[in-house]
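Everything on this sheet refers to the single structure shown next.
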Amino acid sequence: KFRAVNVGRTSVTVSAGGKTQTHSIVVLPPLNNIALNKPVYVSSEENGGTVRRHLNDGDYSTRWGSQHSDPQWAYIDLQDEYLLNEIKLFWEAAYSSQYRVEVSNDGQTWTTIYTETSGSGGVISIPIDGVGRYIRVYGTARGTQYGHSLYELEAYGVLTDPTPVLSGIDIQPMPNVLKQGTTQQF
């Protein structure tokens, strides 16, 4: 197996059956928060200090807070379709004890990709597997008497562009013997 340590172009040398091949690869940097400063839509705002733009402004001292009722939701338009692999929720003391994470390609029809039935707030990192342009947190029950409130919602993933991107490599011995002068594709 190959473990990428440095970002950039590098080469990997593979030896098997007495033969050696060198391959050039590109190691990509860690994924960035794709939700940062993208358009936000919410069901309600508690007051002028807890407005929607605070949901993904990158400032962990500001927050979005909803009215004190259920259900409440907030979604972010990622402005392109992504294959999502993780979200992070930074709950304020007024958290959702029951909520869903949903994705959509049109902002109208939603698919649930994660459900929480006994949340306790704090910072939650959720591995997910979904494709969409929009990502929504839909709170169905508050954990306190106050509203649903998040300091930040972060999303991580890659564009669903059909152009393949090498993000890791797993080299296994080939089941056949390579003959001198032939080419083997990975």
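What you see is a predicted model; the values in this text were computed from it and never measured.
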Original post:
Quick one: ring-ring contact (aromatic ring centres under 6.0 Å, His included) partners of Tyr75, sequence neighbours excluded?
Top reply: Tyr41, Trp73, Trp110, Tyr134
Subject >> For Tyr151, ring-ring contact (aromatic ring centres under 6.0 Å, His included) partners two or more places apart >> reply: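 Here no residue qualifies.
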Closest contact, heavy atoms only, [X] versus [Y]:
X      : Y      : value
Leu153 : Ala35  : O-CB, 3.9 Å
Gly157 : Asn85  : N-OD1, 4.0 Å
Leu78  : Gly132 : CD1-O, 4.2 Å

**OP:** Determine whether Ile135 and Ile128 make a side-chain contact, defined as any pair of heavy atoms from C-beta on separated by less than 4.5 Å.
**Re:**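 Touching, per the 4.5 Å side-chain cut-off.
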Using the test side chain to side chain contact (heavy atoms under 4.5 Å, CB included), find all partners of [X] that sit at least two apart in sequence or belong to another chain.
X     : result
Asp80 : Tyr82, Leu159
Thr22 : Ser11, Thr13
Pro71 : Tyr138
Ala74 : Val42, Leu55, Trp64

Subject >> Passing candidate, side-chain hydrogen bond (donor to acceptor under 3.5 Å, both in side chains) with His148, options Ser69, Ser96, Ser66, Ser44 >> reply: Ser96
Original post:
Ignoring hydrogens and geometry, is there a side-chain-to-backbone donor-acceptor pair from Ser104 to Asp106 under 3.5 Å?
Top reply: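 A pair under 3.5 Å: yes.
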Original post:
Does Thr144 use its side chain to pair, donor to acceptor, with the backbone of Ala94 at less than 3.5 Å?
Top reply: no
Quick one: list whatever passes side-chain hydrogen bond (donor to acceptor under 3.5 Å, both in side chains) with [X], sequence neighbours left out.
X      : result
Tyr156 : Glu154
Glu86  : Ser125
Thr117 : none
Arg142 : Asp70

In Å and rounded to the nearest 0.5 Å, what is the [atom1] to [atom2] distance from [X] to [Y]?
X      : Y      : atom1 : atom2 : value
Thr50  : Leu150 : OG1   : CG    : 11.5 Å
Ser43  : Gln72  : OG    : CD    : 3.5 Å
Arg133 : Leu84  : CZ    : CG    : 13.0 Å
Ile87  : Ile126 : CD1   : CD1   : 4.0 Å
Ile124 : Tyr95  : CD1   : OH    : 10.5 Å
Leu83  : Asp129 : CG    : CG    : 6.5 Å

Original post:
Relative to the ring of His68, is the ring of Tyr146 parallel (under 30°), tilted (30 to 60°) or perpendicular (over 60°)?
Top reply: perpendicular
Subject >> From Asn37, Asn56, Leu36, residue fulfilling side-chain contact (heavy atoms from CB on, under 4.5 Å) relative to Ile76 >> reply: Asn56
Subject >> ILVMFWY cluster, Phe90 and Ile34 together (side-chain gap under 4.5 Å) >> reply: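 No, separate clusters.
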Original post:
What pairs with Glu102 under salt bridge (Lys or Arg N to Asp or Glu O under 4.0 Å), at least two apart in sequence or on another chain?
Top reply: Arg100, Arg136
**OP:** Quick one: which residue pairs count as a salt bridge (charged side-chain N to carboxylate O under 4.0 Å, His left out) with a foot in residues 32-58, not counting sequence neighbours?
**Re:**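 Applying salt bridge (charged side-chain N to carboxylate O under 4.0 Å, His left out) to every pair that reaches into residues 32-58, excluding sequence neighbours, yields Glu46-Arg63.
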**OP:** Check the pair Val123 / Leu89 against side-chain contact (heavy atoms from CB on, under 4.5 Å), numbers first and verdict last.
**Re:** CA-CA 6 Å; Val123 177; Leu89 303 174; over 6 Å; no
